[in-house]
Structures are given as structure tokens and as C-alpha cells.
Amino acid sequence: MTVQLFSYGTLQRESVQLENFGRRLKGHPDALIGYQVTLIPIMDQDVILATGETHYRNIQFTGSVSDRVEGTVFTVTAEELERADQYEADADYHRVMVELSSGLKAWVYLNS
């Protein structure tokens, strides 16, 4: 069984995909309407050193049709979705189901 996973951040990186899933994910551009990107400071110095980034990208629901988060929707297996859960747990993200601008239903991670 496969599911859709929408990424607006590091899961779009080939290196992250290879490390977590052992393969390059197949996906295509899509967007999430009614959300905007926010930034959360990274407190773990090891994560900063490993990624070169000082903030996690997060999304926040606004409900405004003018707000849009661009990203990629990937088709993943149930096992790969569980691996993504483990990867995203480091940033205290949780997974929610959303409807993308294309009409596809997909899982996305956010930090509330």
C-alpha cells in the first residue's frame, strides 16, 4: 500500500531521502493552500553542524487562500511513512492529513 507525503523542507533533499529510505523518492510539485511557512530555532548543536541550518521550517494554518506553501508530494510505502515519522520526531513534528491544491490528500508534518 502506498500513501502521499507532502514535503516543504528537508525530505525534498536527495541526501535525506537516501539516508532515511535507501532510495530517491519519486514526486512532483504541489502546494498547500491556507498555510504559511514559519521558522523554529534549532537548539541541538549537532543538528546545526550536520545540516548547516539554524532553523527548522514549519507550517502554520492561516485559512487564507492567499497563503501558499510550495513543496513536493511523494508516493511512499507505509513502512517509509513510519521512517519519515522517526526522522521528523527529532524536530517534534506530528503528521496530519491535508488536501493539496491539486486535490490530492497527503500527509504533512508540522510542529504545533
Side-chain angles (χ1 to χ4, degrees):
M1 178 178 117
T2 60
V3 296
Q4 304 304 306
L5 175 62
F6 180 72
S7 174
Y8 55 90
T10 57
L11 283 176
Q12 296 177 93
R13 294 182 185 166
E14 183 176 346
S15 61
V16 172
Q17 294 172 14
L18 292 173
E19 183 178 325
N20 288 280
F21 309 114
R23 69 179 182 99
R24 186 167 183 254
L25 300 178
K26 295 182 193 257
H28 60 275
D30 211 327
L32 184 55
I33 308 300
Y35 287 79
Q36 66 183 6
V37 173
T38 62
L39 298 176
I40 299 171
I42 298 173
M43 305 311 248
D44 186 333
Q45 291 300 313
D46 291 334
V47 172
I48 293 172
L49 289 173
T51 64
E53 296 183 17
T54 58
H55 289 78
Y56 291 114
R57 287 177 51 125
N58 188 36
I59 56 173
Q60 179 178 25
F61 179 74
T62 66
S64 173
V65 294
S66 63
D67 289 332
R68 177 182 186 97
V69 176
E70 301 288 337
T72 305
V73 62
F74 297 106
T75 300
V76 298
T77 66
E79 179 185 333
E80 288 170 331
L81 188 61
E82 288 179 18
R83 289 183 191 174
D85 285 347
Q86 293 170 0
Y87 172 75
E88 297 292 4
D90 288 343
D92 201 25
Y93 286 104
H94 64 278
R95 178 169 35 101
V96 297
M97 181 65 71
V98 294
E99 184 173 335
L100 302 174
S101 65
S102 66
L104 281 175
K105 297 239 190 290
W107 291 107
V108 67
Y109 292 96
L110 57 91
N111 181 304
S112 52

| field | Steps toward side chain to side chain contact (heavy atoms under 4.5 Å, CB included) verdict (V76, V3) | value | CA-CA 6 Å; V76 298; V3 296; 3.7 Å; yes
| task | I would like to know whether D67 and Y35 meet side chain to side chain contact (heavy atoms under 4.5 Å, CB included); could you show each step before the answer? | result | CA-CA 5 Å; D67 289 332; Y35 287 79; 5.9 Å; no
| query | For K105 and M97, what are the C-alpha separation, side-chain angles and deciding distance, and is it a side chain to side chain contact (heavy atoms under 4.5 Å, CB included)? | reply | CA-CA 7 Å; K105 297 239 190 290; M97 181 65 71; 3.9 Å; yes
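Looking at Q17, its side chain does come within 3.5 Å of a backbone N or O of L25 through a donor-acceptor pair. Side-chain N or O atoms of T62 include one that pairs as donor or acceptor with a backbone N or O of G34 at under 3.5 Å. Not a single donor-acceptor pair under 3.5 Å links the side chain of Q86 to the backbone N or O of R83.
For the 3.5 Å distance criterion, the side chains of D85 and Y109 qualify, holding a donor opposite an acceptor. Of the N and O atoms on the side chains of S64 and S66, at least one donor lies less than 3.5 Å from an acceptor on the other residue. In this structure, a donor-acceptor pair under 3.5 Å is present between the side chains of Y87 and T10.
F61 and L39 fall into different hydrophobic clusters, where Ile, Leu, Val, Met, Phe, Trp and Tyr residues are linked whenever their side-chain heavy atoms come under 4.5 Å apart, directly or through other members. L11 and V96 fall within a single hydrophobic cluster, where Ile, Leu, Val, Met, Phe, Trp and Tyr are joined by side-chain heavy atoms under 4.5 Å apart, directly or via other members. One hydrophobic cluster holds both L100 and L5 under the rule that ILVMFWY side chains link at heavy-atom gaps under 4.5 Å. F21 and V16 fall within the same hydrophobic cluster, where Ile, Leu, Val, Met, Phe, Trp and Tyr residues are linked whenever their side-chain heavy atoms come under 4.5 Å apart, directly or through other members.
The shortest side-chain heavy-atom distance between L104 and E99 does not fall under the 4.5 Å cut-off. You'll find the side chain of P29 stays beyond 4.5 Å of the side chain of E70, heavy atoms only. Side-chain atoms of D30 and T72, non-hydrogen and from C-beta on, never get closer than 4.5 Å to each other.
Heavy-atom neighbours of R24 CZ from other residues, nucleotides or ligands within 6.0 Å: at or below the threshold of 12.
Of all heavy-atom pairs spanning Y8 and V108, the tightest one is CE2-CG2, 3.7 Å.
Legend: residues meeting side chain to side chain contact (heavy atoms under 4.5 Å, CB included) with Q60, ordered by chain and number and at least two apart, are Q36, T38.
Atoms CZ and CD, on R57 and Q12 in that order, are 7.5 Å from each other to the nearest 0.5 Å. To the nearest 0.5 Å, atoms CG (L81) and CH2 (W107) are separated by 7.5 Å. Here the CD1-CG distance, from I59 to L110, works out to 5.0 Å after rounding to the nearest 0.5 Å. With values rounded to the nearest 0.5 angstrom, N58 atom CG is found 4.0 Å from I40 atom CD1.
Tested against T75 for a side-chain hydrogen bond (donor to acceptor under 3.5 Å, both in side chains), the candidates K26, Q4, H28 yield a single pass: Q4.
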